[in-house]
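Let me begin by presenting the structure, written as structure tokens, before commenting on it.
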Amino acid sequence: MKTHYNLSKVLCALGVSTILLTGIASAENMQPVNAMPINGMNKHSMMMPGMGTGVGSVMPGIQSSQVDYVGAVTTLQRYYPNAMVTSISYDAKHHPTYEVEAFTKKQKIEMKIDEATGQVVSNKVKMLDMNSAKKMSSFNPQNTIIPESAETKAIKRVGTEFQTMEWELEAEGNKVVYELEMTDGADKKANVKVDAMSGKVLSAKVKNTKR
């Protein structure tokens, strides 16, 4: 009886030792959660919402489908990877949309993109001959000032009561120019042109629409 009791104690001790050894081995094979590389994290968990909107929403909310003017260009180039941009325009009067005009060696493209959803509203494509394509001017939107900066320059010239309803960014010869259509919400309208590379106001016209 005594021998049986001692044998039970030995077997019990061996069992505990086995469990402890197994636990230690498992712990060595585990990686701490904090050691996970940051690139392995869910990127969306690190994103912060965008900060408001401006003239054509330069900084859209990350968690929405809203696009800015660069996003509109990206949408067009998703369909036409080799397209060269000739103009970008924004209309805030009714249903805010961007229109991007571009060309390839064989096509002229006019695509409208809904600002709020990022969806293509319309896409017009015309065939283009090689000679016509060579005569067209293009630019890289990333090399120009943003619409808000152009509007700030315009407001300094015509007055803080004006706000932009439409703008167009277009290659004009060897320059890239913003043309802004502005209103004071009452009886005045303004047309301002701003150099998209330097930010210099090229012209500013204010007219009274009240008869």
Side-chain angles (χ1 to χ4, degrees), residues 39 41-126 128 133 136-155 162-172 175-183 185 190-199:
N39 290 336
M41 295 177 66
N42 184 346
K43 294 181 180 179
H44 294 291
S45 66
M46 301 172 62
M47 291 181 176
M48 298 296 289
M51 297 176 62
T53 59
V55 187
S57 179
V58 167
M59 293 186 68
I62 291 174
Q63 295 182 357
S64 72
S65 299
Q66 188 176 14
V67 295
D68 62 356
Y69 72 110
V70 176
V73 172
T74 301
T75 299
L76 181 141
Q77 291 179 334
R78 193 176 298 134
Y79 293 93
Y80 308 95
N82 299 318
M84 306 292 287
V85 177
T86 59
S87 73
I88 308 167
S89 58
Y90 176 73
D91 183 0
K93 286 181 179 178
H94 306 293
H95 192 80
T97 56
Y98 291 97
E99 181 173 346
V100 183
E101 295 187 13
F103 69 95
T104 64
K105 290 181 179 180
K106 297 181 179 180
Q107 297 173 313
K108 182 180 179 182
I109 307 132
E110 294 179 11
M111 183 178 287
K112 288 186 177 182
I113 298 102
D114 187 293
E115 180 193 21
T117 65
Q119 298 296 314
V120 175
V121 177
S122 68
N123 184 33
K124 298 178 182 179
V125 180
K126 295 180 180 179
L128 193 66
M136 300 184 79
S137 300
S138 63
F139 65 93
N140 184 348
Q142 295 184 353
N143 294 334
T144 65
I145 63 174
I146 62 176
E148 279 87 348
S149 295
E151 184 187 44
T152 298
K153 299 287 185 181
I155 287 174
F162 284 90
Q163 62 178 350
T164 304
M165 299 306 296
E166 293 181 68
W167 60 258
E168 183 174 19
L169 178 61
E170 185 176 21
E172 294 184 359
K175 287 186 177 183
V176 184
V177 177
Y178 273 103
E179 183 172 357
L180 299 95
E181 297 290 337
M182 311 178 78
T183 179
N191 178 279
V192 185
K193 288 189 176 184
V194 179
D195 189 307
M197 306 300 287
S198 67

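Side-chain atoms are counted along with the backbone in the values below, which use heavy atoms only and exclude waters and symmetry mates.
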(message) Could you check whether any side-chain heavy atom of Lys193 comes within less than 4.5 Å of a side-chain heavy atom of Lys175, counting everything from C-beta outward?
(response) no
(message) With rounding to the nearest 0.5 angstrom, report the CG to OH distance, Leu169 to Tyr90.
(response) 15.0 Å
(request) List the atom of Met182, the atom of Ala154, and the distance in Å for their closest heavy-atom pair. (result) SD-CB, 3.7 Å
(message) What I'd like to find out is whether the side chain of Tyr69 reaches to under 4.5 Å of the side chain of Ile146, using heavy atoms alone.
(response) yes
(request) Applying side-chain contact (heavy atoms from CB on, under 4.5 Å), name anything that partners Glu99, two or more places apart in sequence or on another chain. (result) Ser89, Glu101, Glu110, Lys112
(request) Taking side-chain contact (heavy atoms from CB on, under 4.5 Å) as the test, write out the residues that go with Ala83, two or more places apart. (result) Leu76, Tyr80, Ala102, Thr104, Ile109
(message) To the closest 0.5 Å, what do you measure between CE (Met197) and OH (Tyr178)?
(response) 11.0 Å
(request) State which residues pass side chain to side chain donor-acceptor pair (under 3.5 Å) with Glu181; sequence neighbours excluded, sorted by chain then number. (result) Asn191
(request) Could you tell me the separation between the CG atom of Asn82 and the CD atom of Gln77, rounded to the nearest 0.5 Å? (result) 9.0 Å
(message) Distance check, rounded to the nearest 0.5 Å: Lys106 atom NZ versus Leu128 atom CG?
(response) 11.5 Å
(message) Can you list everything that forms a side-chain contact (heavy atoms from CB on, under 4.5 Å) with Thr75? Sequence neighbours excluded, please.
(response) Arg78, Tyr79, Met111, Ile113, Val120
(request) Please identify each residue that fulfils side-chain contact (heavy atoms from CB on, under 4.5 Å) with Ser138, with sequence neighbours left out. (result) Met84, Phe103
(message) Using 0.5 Å steps for rounding, measure from the CZ atom of Phe139 to the CD atom of Glu170.
(response) 8.0 Å
(message) Suppose the criterion is salt bridge (charged side-chain N to carboxylate O under 4.0 Å, His left out): which pairs have a residue in residues 82-97, not counting sequence neighbours?
(response) Lys93-Glu166
(message) Is the shortest side-chain heavy-atom distance between Phe162 and Val192 below 4.5 Å?
(response) no
(request) Any chance you could measure Lys108, atom NZ, to Thr86, atom OG1, to the nearest 0.5 Å? (result) 7.0 Å
(request) Search all heavy atoms of Val67 against all heavy atoms of Asp114 and return the closest pair with its distance. (result) CG2-O, 3.8 Å
